[in-house]
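Presented below is the structure to which this report refers.
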Number of protein chains: 2
Amino acid sequence: MGDDATLPLVDDEVDRIFRALADATRRDIVRRTLTEEITVSALAAAYEMSFAAVQKHVSVLESAGLVNKNRHGRERLVRGNPDTLRKAQLLLDQYEELWRGRIDRLDALLTGEPAGDPTGDLAGGPPADPAPGSP
Amino acid sequence: MGDDATLPLVDDEVDRIFRALADATRRDIVRRTLTEEITVSALAAAYEMSFAAVQKHVSVLESAGLVNKNRHGRERLVRGNPDTLRKAQLLLDQYEELWRGRIDRLDALLTGEPAGDPTGDLAGGPPADPAPGSP
DNA sequence: CAAATATACAACCGGATGGTTGTACGTTAT
DNA sequence: ATAACGTACAACCATCCGGTTGTATATTTG
C-alpha cells in the first residue's frame with residue numbers, strides 16, 4: 001500500500017542506489033548506521049572532511065533510500081535502511097541467477113512488475129531504446 | 001606477478017564496481033553479456049547512442065572487472081564476469097549480516113585481509129581517516 | 001534573553017562523466 | 001589491392017559530483 005515508486009522509475013531508483021554505494025565514505029556511513037542511529041555531527045567527526053560534505057553524503061544516501069533521517073530535538077539521527085540494501089542485493093542475485101542460466105520469474109518480484117514483458121526478457125531491458133528493426 | 005590488487009586498494013575497486021553498475025545502459029550490457037558473448041557493434045546496435053558511447057560503457061565495465069573482452073578476428077566479444085558481480089554481492093550480504101547483528105568474520109574472507117583490524121571493525125572502516133582522538 | 005549547538009542550504013570550483021564527432025588502424029571480403 | 005567493416009582513440013562539450021566556505025535557521029542551554 002504505501003509504496004508508489006515500484007512501477008515505472010525502477011531504473012532511476014537503482015541508479016541512485018548503486019551510485020550512492022560507489023563511494024567509500026558513503027558505504028562507511030551505511031555500514032555504521034545499520035547497527036546504530038548516529039547524528040550527522042557524530043558522523044562528520046569520523047571523517048576528514050567538512051560537516052557540509054558529510055551532510056551531502058548523507059543526503060545522497062537518503063535520496064537513494066539507503067538511510068533515513070529521524071529528528072530528535074535539534075539533531076538528526078541517521079539510520080541505515082536494510083530494505084533498500086536488500087533491493088540491490090536482489091538485483092545482483094538476479095544477475096547471478098541469470099548467469100547460471102535459470103532466470104525463473106523472480107524478476108517480477110524484484111521489479112514489482114506483474115509479468116510485464118511478453119518477450120521473456122529480464123527486468124529493465126534496454127533503458128532507452130528496445131531494438132531498432134534495421135537502421 | 002599475477003594479482004596485486006587484493007591488499008590495499010579494495011575501496012577503489014569496489015568504487016569502480018558500484019559506479020559501473022550505477023547506469024542503466026551498463027547494467028543492461030552486463031545482463032546481456034552474462035548469458036552470451038556479444039560484439040561491441042551488436043551491443044551498440046541495441047542502444048540509441050553512438051558506437052563510441054557504448055564503447056566507453058564497455059570500457060567502464062571492463063575496468064571495473066564486470067566484463068571481459070576477447071578478440072575474435074576483427075571483433076571484440078564482450079562477456080560478463082560473474083566473479084566481480086559476486087564480489088559486490090558479498091559486500092551487500094555482509095551489510096545485511098551486519099544489520100542482523102552478527103558479523104562473524106566473513107569480512108576477512110571478503111577483503112582478503114588476514115585479521116587486519118584489531119578493533120573488530122568491519123572491512124574498510126573509514127576510508128580516509130580512522131578516528132581523530134579529539135581535535 | 002543570549003549564546004552555543006546542530007543542521008540546512010546556497011554559491012562556488014576543479015575534476016570526473018556521459019555524450020558527441022572525427023580520424024586512424026587492423027581485419028575481412030570482393 | 002581496394003573497399004567495407006569493427007574497433008580504438010582523441011578532442012570537445014555540457015553536466016554532474018565531491019569538496020569547500022559562508023550564511024541562515026531552529027533548538028538547547030546558561
Side-chain angles (χ1 to χ4, degrees), chain A residues 11-30 32-33 37-64 66-79 126-129 134-135, chain B residues 11-30 32-33 37-64 66-79 126-129 134-135:
Chain A
D11 264 2
D12 208 66
E13 194 187 0
V14 177
D15 282 15
R16 276 195 297 266
I17 296 176
F18 280 125
R19 182 172 297 272
L21 289 172
D23 180 285
T25 302
R26 287 197 290 258
R27 282 194 302 274
D28 196 64
I29 292 177
V30 167
R32 290 180 186 230
T33 57
E37 279 193 331
I38 320 181
T39 68
V40 183
S41 304
L43 279 173
Y47 309 104
E48 267 204 334
M49 62 185 75
S50 71
F51 174 81
V54 175
Q55 215 176 7
K56 276 195 189 180
H57 281 307
V58 172
S59 170
V60 168
L61 288 169
E62 190 182 20
S63 74
L66 282 165
V67 305
N68 299 30
K69 270 192 296 185
N70 317 318
R71 72 170 301 156
H72 185 79
R74 62 181 163 188
E75 312 176 319
R76 294 293 193 278
L77 295 176
V78 183
R79 154 110 63 178
D129 180 59
S134 60
Chain B
D11 263 1
D12 208 65
E13 194 187 0
V14 177
D15 282 13
R16 276 196 297 266
I17 296 175
F18 280 124
R19 183 173 295 274
L21 289 172
D23 180 285
T25 301
R26 288 198 289 258
R27 282 194 302 273
D28 196 63
I29 293 179
V30 167
R32 291 179 184 231
T33 58
E37 280 192 330
I38 320 180
T39 68
V40 183
S41 305
L43 279 173
Y47 309 104
E48 268 204 334
M49 62 185 75
S50 71
F51 174 81
V54 175
Q55 216 175 6
K56 277 195 190 180
H57 280 307
V58 172
S59 169
V60 169
L61 289 169
E62 191 182 19
S63 74
L66 282 165
V67 306
N68 300 27
K69 270 192 293 186
N70 317 317
R71 72 171 300 158
H72 185 78
R74 62 181 163 189
E75 312 177 318
R76 294 291 194 281
L77 295 176
V78 183
R79 155 110 61 178
D129 180 59
S134 58

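Any value given below was found using the heavy atoms of this structure, including those in side chains, with hydrogens, waters and symmetry copies removed. Naming: A, B, ... by sequence-line order, numbering from 1 per chain.
Heavy atoms only, all atoms of each residue included: B/Asp11 and A/Ala24 are closest at OD2-CB, 3.4 Å. Scanning both residues, B/Asp15 and A/Ala22, for their nearest heavy atoms gives O-CB, 3.7 Å. The two residues A/Arg16 and A/Ala64 have their closest heavy-atom pair at O-CB, 3.6 Å.
Between the CD atom in B/Gln55 and the CZ atom in B/Arg76 there is a gap of 9.5 Å [rounded to 0.5 Å]. In this structure, CG in B/Asn70 is found 12.5 Å from OG1 in B/Thr39, a value given to the nearest 0.5 Å.
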Per-nucleotide protein contact string for nucleotides 19-30 of chain C, where B marks a base within reach and S marks sugar-phosphate only (heavy atoms under 4.0 Å, - for neither): BBB-----BB--
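Going from atom CG of B/Asp12 over to atom P of C/dA16 covers 12 Å, rounded to whole Å. A straight line from CZ of A/Arg19 to C1' of D/dG18 spans 12 Å, rounded to a whole angstrom. We find that CG of B/Leu61 is positioned 14 Å from C1' of C/dT17, with the value rounded to whole Å. As a whole-Å value, the separation of B/Glu62 CD from D/dA8 C1' is 12 Å. For A/Glu75 and D/dT27, the CD to C1' distance is 10 Å, given to the nearest whole Å. Look at CG on B/Asp15: it is 14 Å from P on C/dA16, rounded to the nearest Å.
Contact of B/Gln55 with D/dA8 (side chain to base): a donor-acceptor pair of N or O atoms is detected under 3.5 Å.
Applying the 4.0 Å criterion to OP1 and OP2 of C/dA8, one finds that A/Arg76 has a side-chain N or O inside that range.
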Could you go over nucleotides 1-3 of chain C and give all protein N or O partners under 3.5 Å, atom names and distances?
none

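Side-chain contact between B/Tyr47 and B/His57 is absent, with no heavy atoms from C-beta onward closer than 4.5 Å.
Considering B/Ile38, B/Val58, B/Leu66 as possible partners of B/Ile29, the one that fulfils the side chain to side chain contact (heavy atoms under 4.5 Å, CB included) test is B/Val58.
Proximity of a side-chain donor or acceptor of B/Arg19 to a complementary backbone N or O of B/Leu21 within less than 3.5 Å is not detected.
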Quick one: do B/Val78 and B/Arg32 satisfy side chain to side chain contact (heavy atoms under 4.5 Å, CB included)? Show the steps, please. CA-CA 9 Å; B/Val78 183; B/Arg32 291 179 184 231; over 6 Å; no
